[in-house]
Amino acid sequence: MDKKEKIEEIPEERLQKLEKVKSSGVSPYGGRFKRTHSIADLNEEMEGEVIIAGRLIAIRKHGKSIFFDLWDGSAVIQIYLNCSFIGEEKYNIFQEGIDIGDFIGITGEVFRTRMGELSVKASNWTLLTKTMRPLPAKWHGLKDVEIKYRQRYLDLIANAKAREVFALRSSLTKELRRWLDEQGFTEVETPILQAIPGGAAGKPFRTYQDALKMELFLRIAPELYLKQLLVGGEEKVYDLNKSFRNEGLSTRHNPEFTMLELYEAYADYEYMMEFCEKLILNLADTILGKRQITYQGMKIDLSPPWRRTTFNEALRELYNVDIKTEDLKSLTQKLRAAKVEIPGENITRSGIVRLLEKSLASTFPTFIIDYPAFLCPLAKRKKDNLDVCERFELFAGGIEIANAYSELADPIEQRKRLYEQADVVDEGFLLALEHGMPPASGMGIGIDRLIMLFTDSASVRDVILFPQLGAVTQD
RNA sequence: GCCCCUAUAGCUCAGUUGGAAGAGCACCUGACUCUUAAUCAGGGUGUCCCAGGUUCGAGACCUGGUGGGGGUACCA
């Protein structure tokens with residue numbers, strides 16, 4: 001597809017209008033434009049002229065006068081363009097050459113129309129950008145989800161809900177950083193390109209470093225590096241990170257996703273549960289201003305303390321199985337007997353998580369605690385029950401939100417447990433542990449999922465500006 | 001990976017048992033100096049996702065493919 005063909009795709013009438021404004025001596029693309037106000041700033045008491053700019057989003061032509069709506073991201077205001085006031089030449093160029101979608105600068109006085117609408121009576125207008133394609137939707141909104149995701153800018157123009165979600169996302173991460181700083185945490189950055197991806201079970205993306213002639217992987221989690229910082233003397237660290245997992249996509253999984261991972265020395269998972277409550281409640285209070293939320297029709301009360309139930313209790317309650325006395329195989333058999341569909345040989349960690357997710361679509365956030373040790377190789381075992389680890393996961397609205405544990409600091413046991421699960425292990429991490437890591441607890445929070453919960457979004461794609469989609473066909 | 005649903009105008013959608021591609025808005029032409037989903041008169045602007053097949057005839061039926069959605073699997 002060459003450039004010439006691309007130009008031919010632009011609607012003919014837009015090309016004609018472009019020529020029309022050019023031949024009238026109006027530049028179709030402006031430059032720096034000094035505004036005196038944002039549109040939201042405007043009010044009736046203003047004296048003299050204001051200068052504003054924005055995108056023309058609706059127009060009502062009346063022969064010798066035109067009303068149109070100008071939007072600048074802060075607000076919308078009506079502009080009144082009058083032929084005899086602004087002059088016939090300027091009026092006619094506007095009338096013939098300007099479209100919905102164009103960016104316009106306006107100079108004029110604020111006034112109220114007979115119908116009572118706050119407006120600006122234009123004494124001059126400036127074309128700032130000519131638009132070559134029509135904007136979608138006026139009052140249908142934009143519904144085509146593929147266009148929403150591929151051309152997010154159109155979604156942001158057409159749908160207030162989309163603007164709200166991403167504004168909330170921005171203020172949430174901002175407040176998260178502010179609060180963590182207030183708690184004495186240090187924000188750090190850890191490698192995205194890793195030679196041995198660790199800290200989680202996901203399948204990594206592969207890449208290649210030419211200069212070093214080595215295969216590298218995009219990280220699946222920052223965990224092993226953050227723990228090395230504890231060895232190095234940091235006591236409270238976090239990495240608000242993008243991690244990457246080369247697996248199937250779903251309403252809850254995007255291949256690249258945002259996660260908060262934090263570690264605190266001298267803490268354990270009991271402490272971390274309280275910390276988790278405080279962290280999420282602070283966000284709910286400051287960002288949402290409430291603790292009662294609705295997610296996909298479920299009313300959820302965030303008031304603390306949140307329910308805690310052990311992994312074993314949860315499974316016993318739901319399926320009458322007791323993992324204390326069974327291994328993975330008999331657990332799988334019992335669950336099958338309880339009519340749980342389990343493909344493959346044995347149930348997996350994520351299979352169990354999904355069972356819990358489904359059954360915990362409850363009205364309270366719930367900590368599932370004390371997981372079987374074989375499900376968490378990086379967590380510390382409980383003193384009084386070595387088959388179980390000090391780990392919790394937080395579920396709310398049927399979504400897995402957080403995952404945390406008391407960290408395993410024993411390098412000998414850590415080496416054993418990692419090699420039980422994988423052939424290639426990050427020896428650098430084990431070497432660090434051998435130099436001594438203080439007792440600590442760490443937690444990961446799925447930021448995309450937390451935003452889903454806070455914005456009542458059904459899909460993770462609705463809270464990620466540019467979610468991963470398939471290839472566009474070029475036929 | 002597997003199963004189900006889905007793709008028609010710029011947008012939102014209709015299209016009957018297979019028989020001349022439609023509506024509203026947008027857009028274009030004209031009228032109109034306080035409208036706000038402006039109004040009035042006129043105009044259809046289309047690779048019916050793609051490639052085959054069945055048929056006298058396919059937007060519709062069949063096969064394969066692609067994109068999208070949902071479910072399921074993988075995600076210590």
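Remember, it's a predicted structure, so these values are computed and weren't measured experimentally. Letters A, B, ... are given to chains in the order of the sequence lines, protein chains preceding strands, and every chain is numbered from 1.
- For the pair R417(A) and A76(B), the criterion of a side-chain N or O lying under 4.0 Å from OP1 or OP2 is not met.
- For the pair S406(A) and E390(A), the tightest heavy-atom approach, listed with the atom from each and the gap, is OG-OE1, 2.6 Å.
- In this structure, H62(A) atom NE2 and U35(B) atom C1' are separated by 4 Å, rounded to whole Å.
- Within 4.0 Å of G198(A), counting heavy atoms only, lies no atom of the nucleic acid at all.
- To the nearest 0.5 Å, atom CD1 of residue I77(A) and atom CZ of residue F68(A) are 11.0 Å apart.
- The side chain of S65(A) lies closest to U33(B), out of U33(B), G70(B), A76(B).
- Closest to the side chain of I100(A), from the set A26(B), U36(B), U33(B), is A26(B).
- For the P atom pair drawn from G30(B) and A37(B), the interatomic distance equals 26 Å after rounding to whole Å.
- Separation of the C1' atoms belonging to U33(B) and C28(B) is 23 Å when rounded to the nearest angstrom.
- Under 4.0 angstrom from either OP1 or OP2 of A38(B) there lies at least one side-chain N or O belonging to R60(A).
- Spacing between atom CD of E96(A) and atom P of A31(B) amounts to 11 Å, rounded to whole angstrom units.
- Comparing G53(B) with U17(B), their P atoms are spaced 27 Å from each other, to the whole Å.
- Comparing H253(A) and K17(A) against RNA chain B, the residue whose closest nucleotide sits nearer the 5' end is K17(A).
- Look at CD on E117(A): it is 11 Å from P on A38(B), rounded to the nearest Å.
- At least one test fails for R206(A) against the ring of F217(A): distance under 6.0 Å to the centre or angle within 45° of the axis.
- Residue whose closest nucleotide on RNA chain B sits further toward the 5' end, between A200(A) and D69(A): D69(A).
- Annotation: F367(A) is in aromatic contact with F392(A) [ring centroid separation under 6.0 Å].
- Look at R150(A) and you'll find a side-chain N or O under 4.0 angstrom from OP1 or OP2 of G68(B).
- Here R391(A) pairs with E393(A) in a salt bridge; the nearest charged N to carboxylate O distance falls below 4.0 Å.
- One finds no side-chain N or O of K61(A) lying less than 4.0 angstrom from the OP1 or OP2 phosphate oxygen of A31(B).
- E146(A) places its CD atom 12 Å from the P atom of G70(B), with the value rounded to the nearest Å.
- Set against A76(B), U33(B), U12(B), the side chain of K143(A) has U12(B) as its closest nucleotide.
- Annotation: A73(B) and G57(B) have their P atoms spaced 47 Å apart (nearest Å).
- The two residues L128(A) and I104(A) have their closest heavy-atom pair at CD1-C, 3.7 Å.
- Candidate nucleotides C28(B), U35(B), U33(B) were compared by shortest atom distance to the side chain of D99(A), and C28(B) ranks first.
- Relative to the side chain of P377(A), the nucleotides U33(B), C34(B), A76(B) differ in distance, and A76(B) lies closest.
- Among the nucleotides C28(B), C34(B), C11(B), the one closest to the side chain of E13(A) is C28(B).
- Comparing the same atom, P, in C27(B) and in G59(B) gives a spacing of 30 Å after rounding to whole Å.
- Using a 4.0 Å heavy-atom distance criterion, D144(A) is classed as a sugar-phosphate-only contact.
- Taking atom C1' in both G44(B) and G1(B), one finds a spacing of 45 Å when rounded to whole Å.
- Between G67(B) and C74(B), the distance separating the two P atoms is 24 Å to the nearest Å.
- Straight-line distance from the CZ atom of F67(A) to the C1' atom of U36(B): 8 Å, rounded to whole Å.
- At G71(B), one or more side-chain N or O atoms of T251(A) fall inside 4.0 Å of OP1 or OP2 (strictly under the cut-off).
- Across the P atoms, C61(B) and G46(B) are found 25 Å apart, a figure rounded to whole Å.
- Following rounding to the nearest Å, I57(A) (CD1) and C11(B) (P) show an atom-to-atom distance of 19 Å.
- Side-chain proximity of E247(A) to U33(B), C74(B), A76(B): nearest is C74(B).
- Both the sub-6.0 Å distance and the 45° axial angle are satisfied by K121(A) relative to the ring of F85(A).
- OP1 or OP2 of G70(B) sits under 4.0 Å from a side-chain N or O of R461(A).
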